[in-house]
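Note sheet for the following structure.
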Amino acid sequence: EAQVTQNPRYLITVTGKKLTVTCSQNMNHEYMSWYRQDPGLGLRQIYYSMNVEVTDKGDVPEGYKVSRKEKRNFPLILESPSPNQTSLYFCASSPLGAPEAFFGQGTRLTVV
Amino acid sequence: AQSVSQHNHHVILSEAASLELGCNYSYGGTVNLFWYVQYPGQHLQLLLKYFSGDPLVKGIKGFEAEFIKSKFSFNLRKPSVQWSDTAEYFCAVELAGSQGNLIFGKGTKLSVKP
């Protein structure tokens, strides 16, 4: 089954404790991205990657890092999480040239 | 900067009422347009999309949208809503050539009363 898988689905952590949210897709898509969803703000892009070893900042990259060592994986790293990063995070993938995005199930992160 | 506006934050309808959700974007070039739906507690799912051709696009579950280039609009419609359509709806725009970078509106929450 074609899918985008995020882990964990729910995470509560403390300020400053590094964490990683994983994202994996099995559709051989080149393009992957991370969004955060906040009430009243919709989805805002954090980072995106057009292929292996090619990443770039989205609209709200501050406080986040990503890597793309393999085509299928695109982890989101919070080196020192802060409470304003409490949000619902979505990973998405799409093939280049066909912009329909497939979304993961979401990760609800709470930073206390 | 390019932006996508969804005019209604929250829409409340009774079952069988007709629905129209507005979406406008600010970009003069070629765009690809999408509507996504997010049911409570779930991820975003594609409802319909427009790349080119007939500006009236039909999607899943009886939804349709009309692209009006002169108005920079891509409004979503459904003739008769059901309780199961209760969800949040997001309009999204991809600038042609941006290789998949979607710009989302802030979303419209639809509540359908049984």
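As a basis for the values below, the full set of heavy atoms in this structure was taken, side chains included, without hydrogen atoms, waters or symmetry mates.
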Task: Presence of salt bridge, B/D85 and B/K78, under 4.0 angstrom - done: yes
- [ ] Give, as side chain, backbone, both or neither, the part of B/L46 having an atom under 4.5 angstrom from any heavy atom of chain A.
- [x] side chain
Task: B/Y89 ring center within less than 6.0 Å of B/F63 ring center - done: yes
Task: A/I46 and A/Y89, any side-chain heavy atoms less than 4.5 Å apart - done: yes
Open item on the list: Using heavy-atom distances under 4.5 Å, tell me whether A/Q6 contacts chain B through its side chain, its backbone, both, or neither.
Closed with: neither
Task: Polar contact flag, side-chain donor to acceptor under 3.5 angstrom, B/N24-B/S5 - done: no
Task: Interface residues of residues 104-114 of chain B facing chain A - non-hydrogen atoms under 4.5 Å apart - done: B/F104, B/G105, B/K106
TODO: Taking the six-membered ring for Trp and the full ring for Phe, Tyr or His, determine whether the centres of B/Y25 and B/F74 are under 6.0 Å apart.
DONE: no
Task: Interface residue of largest heavy-atom contact number with chain B, from A/R44, A/Q37, A/E30, under 4.5 Å - done: A/Q37
Task: Interchain contact, B/Q45 with chain A, by part (heavy-atom threshold 4.5 Å) - done: neither
Task: Per-residue contact mode, B/Q38 against chain A (heavy atom under 4.5 angstrom) - done: side chain
Task: Beyond-backbone contact of B/F67 with B/F51, side-chain heavy atoms, under 4.5 angstrom - done: no
Task: A/N84-A/S82 side chain donor-acceptor pair, cut-off 3.5 Å - done: yes
Only pairs under 3.5 Å count here: list side-chain donor-acceptor contacts from residues 52-63 of chain A, not counting sequence neighbours, and write none if there are none.
none

